[in-house]
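What follows is a short report on a single structure.
A note on names: the letters A, B, ... follow the listed sequences, proteins ahead of strands, and every chain is numbered from 1.
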Amino acid sequence: MSDGRIVVSGLTKQYKNVRAVDDLSFTVEPGRVTGFLGPNGAGKTTTLRMVLNLVTPTAGTATIGGQRYADLPDPLRTVGAILEASAAHKGRTGRNHLRVICAAAGLPDQRADEVLELVGLTPAAKRKFKGFSLGMRQRLGIAAAMLGDPKVLILDEPANGLDPEGIRWMRGFLRNLASEGRTVLVSSHLLSEMELLADDVVIIAAGRLVRQGPVAEVVGSMSTNARVRVRTPQAELLTKELTQAGATVATGTDGALLVTGVEAPAIGAAALRVSAELHELVTERPDLEHVFLELTQGKATIR
Amino acid sequence: MIRLIRSEILKIRTTNTWWIFALASVLTTGLTLAVNCAQAHYYLNEKLNLPSDLPADQAEQARQQFAAQHQVVTQSVNVFTSGQFFGCLFVALLGILLITNEYYHQTATATFLATPHRSRIVTAKLITGIAYAAVFWLLTTVIDLVTGVIFFRVEGFANHLGDWDVSRAVLLNLMAFAIWAVFGVGFGALIRSQIGATITVTVLYVVGMLAAQIVFAVLHQFIKKDWVLTLQVVVPSTASQIMLSPVKLFPQSPPQWVGAIVLIGYGILAGLIGTLILRKRDVS
Ligand SMILES: Nc1ncnc2c1ncn2[C@@H]1O[C@H](COP(=O)(O)OP(=O)(O)OP(=O)(O)O)[C@@H](O)[C@H]1O
Ligand SMILES: [Mg+2]
């Protein structure tokens with residue numbers, strides 16, 4: 001059983017004053033990119049570190065392909081990880097940093113050069129880590145994660161410090177890994193980026209699970225709140241007609257009508273009936289960001 | 001395990017640390033060697049001047065005491081273990097760096113991800129520390145041997161290298177290096193802060209023996225028993241000196257092997273505590 005499914009069950013971490021993670025359970029499927037979302041201090045980093053045996057849980061378990069991380073015979077060949085607050089010795093070159101890891105994991109030295117190539121760091125291979133920019137450090141982290149050609153990738157805010165080009169590269173890179181059947185679990189604050197990247201999302205707040213599922217489903221579950229923006233010179237006329245049709249109409253700050261309760265085609269038909277001229281007719285579906293903010297509202301305080 | 005040791009050796013080799021420490025030990029070895037040779041020169045050429053009116057039994061006692069102090073063997077041990085004091089300190093600091101570097105440079109995450117079994121990592125670090133200790137010992141000992149052999153030839157004394165007293169001291173010196181490396185690793189685990197651990201160990205090492213002398217002397221004022229002074233051996237740096245010295249370091253000092261056992265005990269304790277701490281501690 002080494003399909004690379006991540007199963008978190010009942011995971012709890014109690015620090016002195018905070019319950020950083022509270023009875024958290026979710027699964028991450030192989031072949032998909034799963035976004036791990038939550039406000040600052042929600043417990044994302046703590047959860048990922050518990051999955052990787054870096055932090056000891058107070059209760060609960062986490063398995064990867066059915067095994068705890070500590071029980072994996074060759075962890076780096078199974079799981080690659082990028083974490084916050086992880087770096088290299090400042091006086092060591094990028095390539096030597098990777099070679100140290102290769103030596104410990106029993107991987108051949110040439111893997112270091114291969115992954116440097118993979119992340120586009122070959123020109124800086126012999127530069128010392130203290131001379132790396134933030135984006136280069138992040139790329140070195142990705143290189144380290146890829147050393148063992150792992151089936152499972154766990155990334156904590158990998159887009160941190162990457163430029164737009166870098167972010168796009170990362171998106172393609174992760175999508176590609178997932179399409180090869182690998183498991184990709186990635187935490188991030190960039191919700192619009194996540195909407196483009198993720199197949200599934202796991203949303204947590206204050207250490208607890210808020211929602212889990214495919215992105216479309218999670219966003220769709222809130223789409224009762226979809227509304228339509230309408231701009232017309234005959235606002236009063238149209239408002240009357242729409243209200244009669246059972247819609248709720250509010251007026252936006254810019255004078256546009258914000259209509260809920262009916263879909264765009266019905267509004268178009270109503271406008272035609274009263275001969276109102278339409279300048280704008282846009283359905284505003286809630287995106288991941290709206291859903292996220294709504295779901296975590298009130299729970300997002302830093303503890 | 002071989003993998004992990006290779007990795008640990010690579011970690012030291014790929015930074016400036018090792019040659020800075022090697023240079024420092026060569027320099028301090030040279031310095032102490034010069035001092036010890038000068039001292040040996042003085043002692044070996046000193047003649048005993050007894051007042052002629054001294055009673056016969058007292059004169060005999062003074063002669064014996066003088067002979068013990070001015071034995072060529074004693075001086076030989078001194079010369080051939082030159083650089084031990086600083087060498088052990090450097091090796092301990094290197095041991096500290098083996099652990100604290102992981103936290104200071106935030107590489108602990110990468111290290112523990114590659115090897116989730118942390119006791120294996122500590123074991124690899126201990127072995128690596130001991131290996132480096134052996135290299136440093138070899139370095140200082142080769143310098144001591146070359147200089148010492150030339151020195152004794154020029155002075156016209158036998159160098160006593162073949163004597164068990166001397167070879168034993170040189171070998172025990174190796175053990176002292178190794179144990180201080182283990183100490184370093186244990187201490188690094190105990191005090192995770194690089195600067196904190198370095199300063200603590202340096203201070204304990206340098207002033208430990210002196211402070212112990214004062215404390216135990218004061219204790220001796222209250223408990224007027226010789227064993228109180230003998231107990232000084234519980235201080236690691238004192239135990240280290242007792243272990244190496246073929247003559248008594250101070251009148252009440254226990255035999256060499258007691259110093260050795262105390263030091264080994266501390267080494268094992270430091271290694272064990274270090275392992276336990278590292279296994280428990282969260283990396284975040
Ligand atoms: N070592 C620690 N000791 C005490 N409290 C901690 C420790 N690590 C994390 N916490 C607390 O646990 C909570 C969760 O922290 P965590 O870093 O997991 O959040 P996060 O979701 O990664 O946040 P962010 O989005 O800001 O990275 C926070 O309240 C934090 O203060
Ligand atoms: Mg975090």
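- Salt bridge absent: A:Arg95 and A:Asp109 never bring a charged side-chain N and a carboxylate O closer than 4.0 Å.
- Taking 4.5 Å as the heavy-atom cut-off, the residues of residues 260-281 of chain B that approach chain A are B:Lys280, B:Arg281, ordered by number.
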Got a list of side-chain donor-acceptor pairs under 3.5 Å for residues 138-147 of chain A, not counting sequence neighbours?
from     : atom 1 : to       : atom 2 : distance (Å)
A:Gln138 : NE2    : A:Asn160 : O      : 3.0
A:Arg139 : NH1    : A:Val119 : O      : 3.2

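- Within 6.0 Å of CZ in B:Arg120 there are 12 or fewer heavy atoms belonging to other residues, nucleotides or ligands.
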Evaluate B:Thr141 against B:Asp144 for side-chain hydrogen bond (donor to acceptor under 3.5 Å, both in side chains), listing each step before the verdict. CA-CA 5 Å; B:Thr141 302; B:Asp144 289 345; 5.1 Å; no
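- Looking at A:Arg99, both its backbone and its side chain come within 4.5 Å of chain B, counting heavy atoms on both sides.
- In summary, A:Lys13 and A:Asp22 do not engage in a salt bridge, as defined by a charged side-chain N under 4.0 Å from a carboxylate O.
- A:Glu114 has a carboxylate O that lies under 4.0 Å from a charged side-chain N of A:Arg111, or vice versa, which qualifies the two as a salt bridge.
- Between B:Trp180 and B:Phe90, the gap from one ring centroid to the other reaches at least 6.0 Å.
- Because its NZ or CZ atom is not both nearer than 6.0 Å to the ring centre of A:Phe129 and within 45° of the ring axis, A:Arg92 does not count as a cation-pi partner of that residue.
- With chain B as partner, the option from A:Gly148, A:Ala105, A:Gly80, A:Gly91 having the largest number of non-hydrogen pairs under 4.5 angstrom is A:Ala105.
- A cation-pi arrangement is absent between A:Lys130 and A:Phe132 under the rule of less than 6.0 angstrom and at most 45 degrees off the ring axis.
- In this structure, no portion of A:Asp71 lies under 4.5 Å from any heavy atom of chain B.
- There is no side-chain donor-acceptor pair under 3.5 Å between B:Thr81 and B:Asn173.
- Among A:Val33, A:Leu185, A:Val152, A:Val184, the one residue that satisfies the side chain to side chain contact (heavy atoms under 4.5 Å, CB included) test with A:Val28 is A:Leu185.
- A parallel orientation is assigned to the rings of A:Trp169 and A:Phe173, their planes being inclined by less than 30° (bins at 30° and 60°).
- Interface residues of residues 4-22 of chain B toward chain A, defined by a heavy-atom distance below 4.5 Å and sorted by number: B:Leu4, B:Arg6, B:Ser7, B:Leu10, B:Lys11, B:Thr14, B:Thr15, B:Asn16.
- Annotation: A:Arg208, atom CZ; neighbour count of heavy atoms from other residues, nucleotides and ligands within 6.0 Å does not exceed 12.
- With a 6.0 Å radius and a threshold of 12 heavy atoms from other residues, nucleotides or ligands, A:Glu180 has its CD atom above the threshold.
- Contacts from residues 50-57 of chain A to chain B, taken as heavy-atom pairs separated by less than 4.5 Å, involve A:Leu52, A:Asn53, A:Leu54, A:Val55, A:Thr56 in sequence order.
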